[in-house]
Novice: 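What follows is a single structure, and I will ask about it in a moment.
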Amino acid sequence: MIPETHRPKILSPSRAFARIKRGESIFISSGCAEPHYITSQLLSFFATAFDNELVQFFSFGPIESMAALSNDRFRANFFFFGDSSCEHIAKGLADYTPTLLSEAPRMIREKKFKIDVAIVHVSPPDNDGFCSLGVSVELAKESIEASRYTIAQINSMMPRTYGDSLIHIDKFDAIIPIDEPLIEWQPPPPDNVAITIGQNVAKLIEDGSTIQTGIGKIHDGVLLALSDKKDIGIHTESFTENIINAIKNGVINNKKKSIHEGKVVATLCIGTRKLFDFVKENPFFEFYSCEHVNDPITISQNSKMVSICNAVQVDLTGQAGANLISRDFSAGVGCLPEFVRGAKRSEGGKSIIALSSTSKNGEVSKITLNLSSGAGVFATRGDVQFVVTEYGIANLEGKSIRERALALIEIAHPKFRKQLLEQAKKSNYIFDDQTIPLSFDEELLKKWETKDLLKDGKIIGIRPVRPSDERAIQRFKYSLSDEDVFLRFMSTGIRFNHSRVMPLTMVDFKTHVAIIAFIGSPGEEEIIGIARYYNNPSTNIAEVAFTVNEKWRRRGVGTSLLKHLTRIAKSQNIKGFRAEILAKNKAMMRLFHKSECTIHSSFEDNLFTMWYLFDT
Ligand SMILES: CC(C)(COP(=O)(O)OP(=O)(O)OC[C@H]1O[C@@H](n2cnc3c(N)ncnc32)[C@H](O)[C@@H]1OP(=O)(O)O)[C@@H](O)C(=O)NCCC(=O)NCCS
């Protein structure tokens, strides 16, 4: 397996380590490609070393455990970190070098970040002498090029992979041929919160999109929720074995990718033998340096690119943080800013920050007034677009701090909304008199979200109004002609200011319900019609009103709003609707008369009062 010509390079670990000088920086392959056998021998070598630095993208192998033992002989330095390394860094035992991973290879090449020795983990060479970096290409080639000395563990259990993963055996100064299973890691299955977040994220993913996936429950929740999607592509820093099912059931086929068509593109993967066997000599996967994969320009060349980044916190202005002292896996700058920016620049792309609304068993809100001290911002206020929790989707792009704060409070955990509202008021983020229905019944809100088909085959969305719709409702009202305003409000020159519009957003499902008809995807809705009722508890008959944008009239939007408002009212045991309609308002008359309900009316002063009683 090792060519005769290279056999003299075969050394024991201690002989191979003997050529490492004091004070040198040693690059080591990451994740499942950490050369387990070699690195487990390093501790004894360091008994006589001085000030060597172990440089890694991230570890969950021996290096992670060794980091806790750092002393004046060696110290670990990570570009990214997982749970345990996070603790070591927080305790000051290991170093963290914040960097954009697409820039790390250039820093290494230009000696701005110095690497003297590379220890890599590769497959056996082919007939032409090429070994494969297998499951982790990341920074390995650049580190080998920059080093004065390279040690390779050649392992027949490292799968050969495609892309830019090949490295010639000539590049190695010392070879340690050891066959051993790769380090394995399997994420815990997604819990209910992660599944719901995944479903919310999936609402933003169109067929034919290319997505970033990653490591952790939320990414796995997203993969599960993609089961009804078509032609999904993958361009990602890393992936786990949970993509195998989505590939086998045809959801991920990479057919619509605009670069690397037909290929899953990544810089590394993390999993168990099942995944390693799946990627082995599989032309469906291509692994490249993170200089290529994580470059925002490369990312943006994928049309409909959707980045999905897991944040530890999002503040009310939209800054997203990966917390230095958090125990959450997703920590460190990593690839997040690159994917956020690359996806936003892609044609039809979207950037999504996904997080559960709380941490520490529900005791702490992850939507906060300010980021915690020590938090690393990976999406600035100017970068952020969609934020998704288990409570919904907030689109912050192009929104003022006032609109952002409200939209984020809506997707915070209900038990923290009041506190966040008060904090936002004190910071002058929102109006002093701002309220939101704190008793929002999330299940009801979800239950009344639906789609409807118009006469011309166009599909529209229907959903209850939310406080963050205030500006859109204001604009909708001001877009009405004087004639429409008169028909609807029987008055003209009405000011639809904050104090008038805010109460219109206070849906409580008891006395007040308002729904909108909209076009556009979630978070990017354009309101085309509004219907609301106020119930009169003494009669249990609700006062009802409708308005449809002029361009959308006579296409069935009014009928659809009446149908859905009727369903909601019936579910609340309301007996019927009442409306006052000007005699000349033929459209509204027709809308009421179209229904199969019993209609009663009276006429006075050019005004019909109509009662639309639900049949029991
Ligand atoms: C009343 C209003 C909400 C109806 O909305 P819409 O989306 O056009 O309603 P639809 O397309 O579902 O039409 C419902 C029925 O009314 C009919 N209709 C609509 N506009 C009409 C008009 N100007 N004259 C006669 N019939 C009309 C439609 O043809 C349809 O009947 P059909 O199914 O038998 O063809 C809309 O015209 C509007 O916003 N008007 C201004 C505000 C207003 O008057 N609000 C009512 C105060 S409570």
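The shown structure was predicted, so the numbers you read here are calculated from the model rather than taken from an experiment. Order of appearance sets the numbers: ligands from 1, and atoms from 1 within every ligand.
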Novice: Regarding atom 15 (C) of ligand 1: of the candidates Arg590, Arg554, Lys563, which has the closest heavy atom?
Specialist: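 It is Arg590 that holds the nearest heavy atom.
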Novice: When you measure from the side chain of Lys344 to the backbone N and O of Asp383, does any donor-acceptor pair fall under 3.5 Å?
Specialist: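 Here the side-chain-to-backbone pair exists.
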Novice: Start with the C-alpha gap between Glu206 and Ser521, add the side-chain angles, then the distance that decides, and say whether side-chain hydrogen bond (donor to acceptor under 3.5 Å, both in side chains) holds.
Specialist: CA-CA 9 Å; Glu206 292 170 35; Ser521 46; 5.3 Å; no
Novice: Does even one non-hydrogen atom of Glu580 get within less than 4.0 Å of ligand 1?
Specialist: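 It does not; every heavy atom stays at 4.0 Å or beyond.
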Novice: Can a donor-acceptor pair be found between the side chains of Ser400 and Glu403 at a distance below 3.5 Å?
Specialist: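 A pair is found: one side chain offers a donor N or O, the other an acceptor, under 3.5 Å apart.
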Novice: Without swapping roles, check the side chain of Asp469 against the backbone of Arg466 for a donor-acceptor pair under 3.5 Å.
Specialist: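 It does hold such a pair.
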Novice: What protein heavy atom lies closest to atom 13 (O) of ligand 1? Include the residue and the distance to one decimal.
Specialist: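 Protein heavy atom at minimum distance: Thr559 OG1, 4.0 Å.
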Novice: Just by modelled atom types, is the Val314 backbone N or O under 3.5 Å from a matching donor or acceptor in the Lys366 side chain?
Specialist: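 No: the side chain of Lys366 does not pair with the backbone of Val314.
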Novice: To which protein heavy atom is atom 11 (O) of ligand 1 closest, and what is the distance rounded to 0.1 Å?
Specialist: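 Nearest neighbour among protein heavy atoms for atom 11 (O) of ligand 1, to 0.1 Å: Gly556 N, 2.8 Å.
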Novice: Return the closest protein heavy atom for atom 44 (O) of ligand 1 as residue, atom name and distance.
Specialist: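 Checked against all protein heavy atoms, atom 44 (O) of ligand 1 sits closest to Asn585 ND2, 2.7 Å.
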Novice: Looking at atom 2 (C) of ligand 1, would you say a protein heavy atom lies below 4.0 Å from it?
Specialist: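 When distances to the protein are checked, atom 2 (C) of ligand 1 has no heavy atom within 4.0 Å.
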Novice: Arg555 heavy atoms, cut-off 4.0 Å: which ligand 1 atoms fall inside?
Specialist: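 Near Arg555, the atoms of ligand 1 are 11 (O).
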Novice: For ligand 1, which is the ligand I care about here, please tell me if Lys594 has any N or O atom under 3.5 Å from one of the ligand's N or O atoms.
Specialist: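 Right, the criterion is met.
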Novice: Atom 42 (C) of ligand 1: which protein heavy atom is closest, and how many Å away?
Specialist: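 Of the protein heavy atoms, Phe546 O, 3.8 Å lies nearest.
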Novice: In terms of the angle between their ring planes, are Tyr391 and His413 parallel, tilted or perpendicular, with boundaries placed at 30° and 60°?
Specialist: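 Because their plane-to-plane angle is over 60°, the rings of Tyr391 and His413 count as perpendicular.
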Novice: Identify the closest protein heavy atom to atom 20 (N) of ligand 1: which residue and atom is it, and at what distance?
Specialist: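 Here the nearest protein heavy atom works out to Ala587 CB, 3.2 Å.
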Novice: Among all protein heavy atoms, pick the one closest to atom 7 (O) of ligand 1 and tell me residue, atom and distance.
Specialist: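 Nearest protein contact, heavy atoms only, for atom 7 (O) of ligand 1 is Gly558 N, 2.8 Å.
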Novice: State, to 0.1 Å, how close Val465 and Leu504 come at their nearest heavy-atom pair, and which atoms those are.
Specialist: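 Scanning both residues completely, I find the closest heavy atoms to be CG1-O, 4.0 Å.
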Novice: State plainly whether the residues Asp231 and Lys304 are in salt-bridge range, i.e. N to O under 4.0 Å.
Specialist: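 No, this pair does not count.
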Novice: I'd like to check which ligand 1 atoms, numbered from 1 as shown, lie under 4.0 Å from a non-hydrogen atom of Lys455.
Specialist: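 So the atoms of ligand 1 that pass are 33 (O), 35 (O).
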Novice: Give the atoms of ligand 1, by number and element, whose distance to some non-hydrogen atom of Val557 is under 4.0 Å.
Specialist: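 Heavy-atom distances to Val557 below 4.0 Å select 7 (O), 12 (O).
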Novice: Considering only heavy atoms of Val548, which atoms of ligand 1 have at least one such atom less than 4.0 Å away?
Specialist: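 Those of ligand 1 that fall under 4.0 Å from Val548 are 3 (C), 5 (O), 7 (O), 38 (C), 39 (O).
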Novice: If only side-chain N and O atoms count, and only distance matters, is there a donor-acceptor pair under 3.5 Å linking Asp433 with His498?
Specialist: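 Yes, Asp433 and His498 have a side-chain donor paired with an acceptor closer than 3.5 Å.
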Novice: Mark the output for Ile581 as yes if a heavy-atom distance to ligand 1 is under 4.0 Å, and as no if none is.
Specialist: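 It does not, in that no heavy atom of Ile581 comes within the 4.0 Å cut-off of ligand 1.
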Novice: Which heavy atom of the protein is the closest neighbour of atom 38 (C) of ligand 1, given with residue, atom name and distance?
Specialist: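 Checked against all protein heavy atoms, atom 38 (C) of ligand 1 sits closest to Arg553 NE, 3.3 Å.
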Novice: Can you see whether Phe489 has Arg500 sitting over its ring - NZ or CZ less than 6.0 Å from the centre and within 45° of the normal?
Specialist: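 Yes, Arg500 and Phe489 form such a contact.
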Novice: As an exercise, identify every atom of ligand 1 less than 4.0 angstrom from a heavy atom of Lys586.
Specialist: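 Going through ligand 1 atom by atom, the ones under 4.0 Å from Lys586 are 24 (N), 25 (C).
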Novice: Specify whether Tyr612 and Phe577 have parallel, tilted or perpendicular ring planes, treating 30° as the upper limit for parallel and 60° as the lower limit for perpendicular.
Specialist: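 Ring orientation, 0 to 90° scale: parallel.
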